[in-house]
Asks: 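For reference, the structure I am asking about is given below.
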Amino acid sequence: MDQIIVTGNGPLSGQIPIAGAKNACLTLMPATLLSEEPLTLTNAPRLSDIRTMTTLLQSLGAEVQALQDGQVLAMSSHDLTSVRADYDIVRKMRASILVLGPLLARFGHAEVSLPGGCAIGARPVDLHLKAFEAMGAELDLREGYVHAKAPAGGLRGGIVEFPFVSVGATENALMAATLAKGTTVLKNAAREPEIVDLAQCLRKMGAQIDGEGTSEITIQGVDTLGGATHRVVTDRIELGTYMLAPAICGGEVECLGGRIDLLAAFCEKLDAAGISVEETPNGLKVARKNGRVSAVDVTTEPFPGFPTDLQAQMMALLCTAGGTSVLEEKIFENRFMHAPELIRMGAKIDVHGGTATVTGVDHLRGAPVMATDLRASVSLILAGLAAEGDTIVSRVYHLDRGYEHVVRKLESVGAKIERVSGQ
Ligand code: UD1
């Protein structure tokens, strides 16, 4: 298995282009299932999760062509051959459940394997299923699969009130509601930029949607949807990750395509920690204001709060801050697996339940460490940038799910980082 070796070597300088958002692309791709007409996505990221979604869509009979080195995805669901998403593909990626809403809405029935657990918690899909029930679907869980059936005449609009915010359940319900009969209201909906991006794409396809980006989304169902071409929004998590690189080891980096509105809560915390973020015509320029980073407390929340997907990377920064920071993880249980690895590098971290207390140390030291999930793996690379000596990160396949060309991007701003093939 491949490893990444990072050698801390001081300040970074230059520009890093930020890719299109993995999480937006993973919900925009299943939207092709809603229509007979082609859907083309531009600014798609080149990632293994996107290839997994491609395989899943192809297994249903959709055409998916990766053009321009994978940055353009030309899709057509004109001749679908199946409405069954198999366990073998779904178990690899939880976002596979996002094919259920579109299939059910267009064909009136679908069978999708339950995704199962994952490293960062149980992550059930009950909210997705309750939303479909509110639109009249009958659901049966058998042999690990959800067998979903719409009423005769198709899904019906309804009131879907989510008991708590779920990004995936909002996306699935939003897609299904575009083809339901009548009006659907999603209450306590997620407000993430990826939801706004999905709604904008669906609207180009002919959907009637109001209120995306707020906690109440209203959808007036239409009979059919058409084709569209849509540019995937910037990946705010990749953006935040690279913003932390100069924060953690000094220097100044401009993240091309970056926007503060995608990450306002995160930028506020960077400011409090002593990191300056400046808007430029091309993106965001980030630098350490002066001296040591200050400790800050962070609580993860649904958008517009601090994203859980940047918690691990922020922890890497706070490991060398002056003072003690408290990080509270409110979205996922068991999302501190990076803490023991950072401790191997000399960090002082106490984890109790969903709270991690980080006391800054003067220096981290390179060590062999193991990536445990996508965001944890990149937090170890960030920590390695600040550490003395070599940090050897193994199990980097996690990284390939969500970061394209991480070695090339960091190298281009002066980091000493290489990927080596393992036995
Ligand atoms: C999406 C993102 C993920 C991010 C997360 C929270 C994608 C592909 N992934 O995941 O990177 O970390 O949002 O911002 O977009 N839950 C239930 N029942 C459900 C659904 C969710 O209990 O039916 C729980 C989850 O276990 C979790 C919380 O709700 O504790 C939020 O999860 P959710 O917002 O649904 O996350 P995902 O859509 O899976």
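When a ligand or atom number is given, it counts from 1 through the structure's own listing order.
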Asks: Would you say the side-chain atoms of Arg94 pair up with the backbone N or O of Pro124, donor to acceptor, closer than 3.5 Å?
Replies: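 Yes, because the side chain of Arg94 sits within donor-acceptor range (under 3.5 Å) of the backbone of Pro124.
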
Asks: So for ligand 1, is Val167 a polar contact partner (N or O within less than 3.5 Å, distance only)?
Replies: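 N/O-N/O distance under 3.5 Å: yes.
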
Asks: Answer yes when Lys22 and Asp309 have at least one side-chain N-carboxylate O distance shorter than 4.0 Å, and no when they do not.
Replies: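 Asp309 and Lys22: not salt-bridged.
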
Asks: If I apply the N/O under 3.5 Å rule, does Pro124 come out as touching ligand 1?
Replies: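 It does: an N or O of Pro124 is found under 3.5 Å from an N or O of ligand 1.
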
Asks: For the 3.5 Å polar cut-off, considering only N or O atoms, please tell me whether Phe332 and ligand 1 meet it.
Replies: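 The answer is no, given that Phe332 and ligand 1 share no N or O pair closer than 3.5 Å.
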
Asks: Tell me if a side-chain donor or acceptor on Arg288 pairs with a main-chain N or O of Ala247 at a distance below 3.5 Å.
Replies: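 Yes, because the side chain of Arg288 sits within donor-acceptor range (under 3.5 Å) of the backbone of Ala247.
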
Asks: Can you confirm, on distance only, whether ligand 1 has an N/O atom lying under 3.5 Å from any N/O atom belonging to Ala95?
Replies: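 No: no nitrogen or oxygen of Ala95 is under 3.5 Å from one in ligand 1.
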
Asks: Pull out every atom of ligand 1 sitting under 4.0 Å from any heavy atom of Asp126, numbered as shown with elements.
Replies: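 Selected atoms, number and element: 17 (C), 18 (N), 19 (C), 22 (O), 23 (O).
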
Asks: Below 4.0 Å from ligand 1: does a non-hydrogen atom of Met53 turn up there or not?
Replies: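 No, that is not the case, since the closest heavy atom of the residue is not under 4.0 Å from the ligand.
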
Asks: Do Arg84 and Asp86 meet the salt-bridge criterion of a basic N to acidic O distance under 4.0 Å?
Replies: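 Answer for the salt bridge query: yes.
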
Asks: Do Thr214 side-chain atoms and Glu216 backbone N/O form a donor-acceptor pair below 3.5 Å?
Replies: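 Side chain of Thr214 to backbone of Glu216: a pair is present.
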
Asks: Would you mind running through ligand 1 and noting each atom that sits below 4.0 Å from a heavy atom of Thr308?
Replies: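 This gives 6 (C), 12 (O), 14 (O) as the contact atoms.
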
Asks: Taking distance alone, with no angle check, do Asp309 and ligand 1 share an N/O pair under 3.5 Å?
Replies: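 Yes.
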
Asks: Any atoms of ligand 1 less than 4.0 Å from a non-hydrogen atom of His128? List them with their elements.
Replies: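 In order of number, 23 (O).
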
Asks: Any idea which atoms of ligand 1 are less than 4.0 Å away from a heavy-atom of Arg335?
Replies: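 Once the distances to Arg335 are compared, the set is 12 (O).
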
Asks: Are any of the N or O atoms of Ser166 closer than 3.5 Å to those of ligand 1?
Replies: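 Among all N and O atoms of Ser166, at least one is under 3.5 Å from an N or O of ligand 1.
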
Asks: Ring pair (Phe, Tyr, Trp, His ring centres under 6.0 Å) with Phe336: which residues, sequence neighbours excluded?
Replies: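 If we apply the ring pair (Phe, Tyr, Trp, His ring centres under 6.0 Å) test to Phe336, skipping adjacent residues, there are no hits.
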
Asks: If you measure every N/O of Lys22 against every N/O of ligand 1, is any gap under 3.5 Å?
Replies: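 There is no such contact.
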
Asks: Looking at Thr32, is its backbone amide N or carbonyl O close enough to the side chain of Ser35 to form a donor-acceptor pair, meaning the two atoms are under 3.5 Å apart?
Replies: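 Between the backbone of Thr32 and the side chain of Ser35 there is no qualifying donor-acceptor contact (under 3.5 Å).
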
Asks: With nothing but distance in play, are any N or O atoms of Glu192 less than 3.5 Å from an N or O of ligand 1?
Replies: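 No.
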
Asks: Got a donor-acceptor contact below 3.5 angstrom from the Asp235 side chain to the Ala19 backbone?
Replies: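 No, the answer is negative, given that no donor and acceptor are paired below the 3.5 Å cut-off.
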
Asks: If the plane angle is over 60° it's perpendicular, under 30° parallel, otherwise tilted; pick one for Phe306 and Phe266.
Replies: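 Phe306 vs Phe266 ring planes: tilted.
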
Asks: Indicate the atoms forming the closest heavy-atom contact of Ala134 with Val160, along with that distance.
Replies: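 Taking every non-hydrogen atom into account, CB-CG2, 3.9 Å.
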
Asks: Which option wins on minimum heavy-atom distance to atom 31 (C) of ligand 1: Leu374, Asn23, Ile331?
Replies: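 Answer by nearest heavy atom: Ile331.
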
Asks: Near Gly168, which atoms of ligand 1 are under 4.0 Å from a heavy atom of that residue?
Replies: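 Atoms satisfying the 4.0 Å criterion: 35 (O), 38 (O).
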
Asks: What about Phe164: any of its N or O atoms under 3.5 Å from an N or O on ligand 1?
Replies: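 No: no nitrogen or oxygen of Phe164 is under 3.5 Å from one in ligand 1.
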
